[in-house]
Amino acid sequence: MSMVSAQSEEDFNRARNKAFVNSIQHLLSPEEVSLISLNDVKQMIKPMNETYVGMKVIPIAKVVGSEGRYNDFDNRFFPKSSHLKARWEHVDEAALRSIDLPPIKVYEISGLYFVRDGNHRVSVAKARGTEFIDAEVVSLQSEIILKQPDNIKDIVNQIINYEKRVFYSETGFGDITDYWCLDFSRTGRYDVIYNHILTHKYFMNQNKEEEISLAEAIDSWYKNVYFPLASTIIKNKMLRSFPHRTVADLYVWLVRYWDDLKKKFGDDISIDEVAKNFEKIYRIPLHRRIVNRIKSIILRKAIENSSTETLDKETDAEVKETKNHLE
């Protein structure tokens with residue numbers, strides 16, 4: 001084995017070990033270390049047009065996901081499986097020998113890049129600390145600009161915040177209702193709310209000679225539709241049964257559930273009955289939440305101990321390697 005081949009094997013093993021440690025440290029929340037899927041982002045952002053940009057030099061730090069190989073690498077593009085070894089080392093050897101490789105191919109969306117072709121080249125470049133890479137770029141047009149995320153959760157939160165700013169700005173919702181806490185944990189919900197308001201406006205306009213304004217509809221919807229349901233959610237302490245969700249999340253779910261029940265049993269069913277029935281069916285039982293919590297605590301401690309041992313072993317190995325070089 002040549003010195004370059006040996007170095008490439010060592011580079012891969014180091015990158016693979018970093019991916020392993022990363023996964024162990026996030027065992028309870030694996031989505032935090034998953035490479036971001038382009039398709040997931042497209043479903044949330046819904047880009048309008050596709051434009052061929054051509055050749056560019058792009059920053060490696062802004063390459064955050066992949067079109068098709070997102071299961072092979074973690075969120076830092078470290079290889080997750082040994083089956084990537086041969087190709088990864090081949091690319092690494094080319095880098096060690098200063099051999100130019102073809103440009104990668106990427107999609108650009110909202111200021112971030114997703115790999116179409118060249119995932120191994122990106123992985124090697126990130127592992128070697130390369131700052132820029134040649135890329136053939138196709139741009140997916142979108143109004144939102146995203147900051148560099150660590151994972152898909154970061155992107156979801158950025159999109160939700162963008163949607164909220166747009167909704168409040170275009171409708172004047174906050175100024176009309178003085179309610180600034182219409183928050184969601186998922187994307188696309190402000191469009192749902194806007195449609196609810198338009199539906200409410202439609203029914204308010206029935207048998208009226210002059211059409212009411214959107215501001216009047218928003219005020220009426222908030223006072224007569226949203227606020228009563230939100231009060232029911234708070235009164236029944238429903239958020240306890242649905243961790244990490246918001247009052248507005250439960251409002252959307254309850255409205256859908258209420259509509260389904262009305263279709264089956266008629267319009268006489270009250271919102272209090274709907275709320276109690278919904279919580280009874282969909283909540284996580286208390287005993288299961290307690291057991292899950294205990295398991296999480298035990299598992300997290302085991303992970304911390306395992307991570308410490310792994311890091312100690314890696315440190316010892318690096319010290320021995322340094323001594324060998326010095327000798």
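As a basis for the values below, the full set of heavy atoms in this structure was taken, side chains included, without hydrogen atoms, waters or symmetry mates. All values derive from a computational prediction rather than experimental measurement.
Applying the ring pair (Phe, Tyr, Trp, His ring centres under 6.0 Å) test to every pair with at least one member in residues 103-128, sequence neighbours left out, gives these pairs: F73-H120.
With T177 contributing its side chain and D219 its backbone, the two residues share no donor-acceptor pair below 3.5 Å. With S123 contributing its side chain and N119 its backbone, the two residues share no donor-acceptor pair below 3.5 Å. N75 places a side-chain N or O within 3.5 Å of a backbone atom of D150 that can act as its donor or acceptor partner.
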For the pair F173 and W180, evaluate ring pair (Phe, Tyr, Trp, His ring centres under 6.0 Å) and give the outcome as yes or no after the intermediate values.
CA-CA 8 Å; F173 186 87; W180 302 90; 8.6 Å; no
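Using a 4.5 Å heavy-atom cutoff, the side chains of P103 and M55 are in contact. A heavy-atom distance below 4.5 Å is found between the side chains of L239 and L250. Taking the side chain as every heavy atom from C-beta outward, V192 and F184 never approach each other to under 4.5 Å. Within the 4.5 Å cutoff, side-chain heavy atoms of S139 are placed close to those of E108. Residues M238 and I233 are in side-chain contact: their nearest non-hydrogen atoms beyond the backbone lie under 4.5 Å apart.
A salt bridge links D92 with R128; the closest basic N to acidic carboxylate O contact falls under 4.0 Å. In this structure, K56 does not pair ionically with E136, as no charged nitrogen and carboxylate oxygen lie closer than 4.0 Å.
In terms of hydrophobic clustering, with Ile, Leu, Val, Met, Phe, Trp and Tyr side chains grouped at heavy-atom distances under 4.5 Å, F20 and F77 are assigned to different clusters. Placement of V138 and I45 within a single hydrophobic cluster is found when ILVMFWY residues are connected by side-chain heavy-atom separations under 4.5 Å, directly or transitively. Side-chain heavy atoms closer than 4.5 Å link hydrophobic residues (I, L, V, M, F, W, Y) into clusters, and following such links, possibly through other members, connects Y190 to L229.
Counted by atom type alone, H244 and S185 present zero donor-acceptor pairs between their side chains at under 3.5 Å. Defined by atom type and a distance below 3.5 Å, a donor-acceptor pair is missing between the side-chain atoms of D11 and S8.
Few gaps surround CZ on R245; more than 12 heavy atoms of other groups in view lie less than 6.0 Å from it. The 12-atom threshold is exceeded at NE2 of H83, counting heavy atoms of other residues, nucleotides or ligands nearer than 6.0 Å.
Note that K164 lies outside the cation-pi zone of Y162, set by a 6.0 Å cut-off to the ring centre and a 45° limit from the axis.
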